[in-house]
Number of protein chains: 2
Amino acid sequence: MKPATIRDVARHAQVSVASVSRALNGSDTVTEETRKRILESAEALQYVPHSGARSLSTSKTNTLGIILPDLYGEFFSELIRGMDLAAREHGYHLIVSSSHDDADGAAAAIRSMRGRVDGLFVLSPQIDSANLATAMAGRLPVVLMHGGAGESTLPSIVVDNNGGAHAAVDHLLATGCRSIAHIAGPAGNLEAEARLAGYLEAMAEAGLEPHVVEGDFNQGSGHASAQALMAAPRRFDGVFCGNDMMAIGALLAFQEAGVRCPEDVAVVGFDDVPIAALVRPGLTTLRIRIAETGRRALQRLVGQIEAAQAGREATQSSSACEVVRPELVIRTSTRASVSTTRAADGRPSGVTASAQGENQDG
Amino acid sequence: MKPATIRDVARHAQVSVASVSRALNGSDTVTEETRKRILESAEALQYVPHSGARSLSTSKTNTLGIILPDLYGEFFSELIRGMDLAAREHGYHLIVSSSHDDADGAAAAIRSMRGRVDGLFVLSPQIDSANLATAMAGRLPVVLMHGGAGESTLPSIVVDNNGGAHAAVDHLLATGCRSIAHIAGPAGNLEAEARLAGYLEAMAEAGLEPHVVEGDFNQGSGHASAQALMAAPRRFDGVFCGNDMMAIGALLAFQEAGVRCPEDVAVVGFDDVPIAALVRPGLTTLRIRIAETGRRALQRLVGQIEAAQAGREATQSSSACEVVRPELVIRTSTRASVSTTRAADGRPSGVTASAQGENQDG
DNA sequence: TCAAATCGTGTAATCGGTTACATGACACAC
DNA sequence: GTGTGTCATGTAACCGATTACACGATTTGA
């Protein structure tokens, strides 16, 4: 038993398909009486319009595609959530496509989106601008959101990883650290490389010698890298980690080894994932308002789509690269000496002071 | 400049559209020579097939819909991730639709999926079976995944919340707790209610008096609820929390108040979100393998779809309700003196047996 | 009273594919 | 030479909507 089509409804209501379409969509010119009859027929037949067919004739899908990297975690999930929230407001659906890890796979994923979406988010770093151009023959509206997208001429939103890394190092310096190590993200990852570069620059500016070990952005590698640092002859009193998960792994490693944080070593992460506020000590990190960034991205894409289907080229501003500047969030993993002194005043421990700070965050 | 269509390619290669379609899709009977010519033309014109049009004629979208509740967090994100991973393997895309929080909105979201998807996951608890039936006039293959879905005759995957709650209470009893409080999830939430019911049953079986405060599944409410418990005259030595986030909030509240965990009070959560292993003390909780559950759900739905389009009705097994049994993961938030657990082994109750069942299933 | 404007409705083309069936060429067997 | 079978290819119907345009009926104005 096939679902009813618009023709079934038309037959049942004894009108033409055109009238049914008119009655069901915008209120074109239809008599109140026939409209009523049509609605009753639609109800009786449990008619539900076929979105695919509608898209074909209107060439509007009300759907946006997201090209994801091969593996993604908390960060992208949260980003998608932010996009989804905004998408609903704008009347759009979201369709996700995990691309393969090579450029060809990603290009194929993009192509498979044709006729399915009105616009595309590309979060997959495998796609460079050249590939992108050939991949989307139909030149869909696009918003790029992978590290290094800023170099493209396409509209994009990128995180200021370099600036964030600078801020992290500067903060460690300000709290008195003199020997700052860096647990880097995986080589080849553009975000990781930008953060590493920022660290190296900031260290050079401060006239300090850099000290880098490489992780893979996962908690386990943070743990291992911290152990490697402790095993090495070189001393350190501060660690800037490429992301929060590695920082948390490092915190646990220090804790296990009896190295106190922040007294013996201060730790800074990157991203401000929800866990960062919940571990002890609370993790000082660079906050990216992920969901909000997702929302902004969606608005940009929708703006582009509307501009494209109405006027001419999109507005000038919409083809620009938008930069999200991470914000330093100071927690107890780098408690400045000033705060520590204050916590010591009268109270039995600094725990209370730090805990209060966290509550405000949460 | 419109993207090239199949007719453009046909014209360019001087063949009919049928040949182009045949050449590009399965290798029907096409001369190697014409195929080559067609592929070259497609390349030259940067032809990309229009998935929407293809779906219309094949009535196959290779897309699955997910009807989400109004607000969703880490749990659903992880579930979607698991589904996505599996979807890729099966050649499907995923389209998400956040429904509104009322039943009408959810029904509308389901209807808007017609012609867009080959099957549907319903994670939105607002939809009861009756609404669902009317909402999907076209009777799409469906997998239900909200609490209470077990009562429906439709295929579903549900978490054994009740059993999990039992296991939590039993574990607390086994570690020596005598006065166990429960921080419940929000009233009206089916998962929360099932966990509460399990707690009440287990307490009744143990001949203990229950002690319940209500939270809302967020960390903040766990914090507040724990403070409320401490402020109340009634003493307690164990807390079973409706989910991990509230448990973590409670842990922080106890820490701030100088109440030691697990010495003064033992805490158990539910879900085993990634943070649970990273807080200190590590949170004892009931693990749900979220991503794996998502993968299973996807396989079920795909199985249904394939059965529907090939043979007759789906297999008997596929219309059953599948139960995911949470697995008790013991960490330091509950003192896991093994001897105590062993001692429980001797008791006539089904407690230990059920706990073993959990482990095997997980 | 007749032409023009207005208005509700129907007819049929269209979106971009897939595919059942028709066609025509060629080979082979009698 | 004719009939038959095979095989590559073309023609056109279809999927289920939207919508430009046509049409007939009614109203309006001179």
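Owing to the predicted nature of the structure, the values given are computational and were not obtained by experimental measurement.
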A.B. asks: Counting only N and O atoms by type, is there a donor-acceptor contact under 3.5 Å from the side chain of B:Ser55 to the main-chain atoms of B:Ala53?
C.D. replies: no
A.B. asks: Base, sugar-phosphate, or nothing: which does A:Thr34 touch, judged by heavy atoms less than 4.0 Å apart?
C.D. replies: sugar-phosphate
A.B. asks: For residues A:Met145 and A:Val143, determine if any side-chain heavy atom of one lies less than 4.5 Å from a side-chain heavy atom of the other.
C.D. replies: yes
A.B. asks: Could you tell me how far apart B:Ile38 (CD1) and C:dT18 (C1') are, to the nearest whole angstrom?
C.D. replies: 14 Å
A.B. asks: Holding to salt bridge (Lys or Arg N to Asp or Glu O under 4.0 Å), I want the full list of residues that pass it with B:Asp118, two or more places apart in sequence or in another chain.
C.D. replies: B:Lys60
A.B. asks: Protein within reach of the bases, or only the backbone? For nucleotides 10-21 of chain D, mark each nucleotide 5' to 3' as B, S or -, using heavy atoms under 4.0 Å.
C.D. replies: BBB--BBBSB--
A.B. asks: Quickly work out the B:Glu32 CD to D:dT9 C1' distance and round it to whole Å.
C.D. replies: 16 Å
A.B. asks: In whole Å, what is the span from the CZ atom of A:Arg35 to the P atom of C:dC7?
C.D. replies: 16 Å
A.B. asks: Could you check how far CD of A:Glu33 sits from P of C:dG8, rounded to whole Å?
C.D. replies: 13 Å
A.B. asks: Under a plain distance cut-off of 3.5 Å, with no hydrogens placed, do A:Ser19 and A:Arg35 share a side-chain donor-acceptor pair?
C.D. replies: no
A.B. asks: Using a strict cut-off of less than 4.0 Å between a Lys/Arg side-chain nitrogen and an Asp/Glu carboxylate oxygen, indicate whether B:Lys36 and B:Glu32 qualify as a salt bridge.
C.D. replies: no
A.B. asks: Is the closest side-chain donor-acceptor distance between A:Ser41 and A:His12 under 3.5 Å?
C.D. replies: yes
A.B. asks: Please report the distance, rounded to the nearest Å, between NZ in B:Lys60 and C1' in C:dT19.
C.D. replies: 18 Å
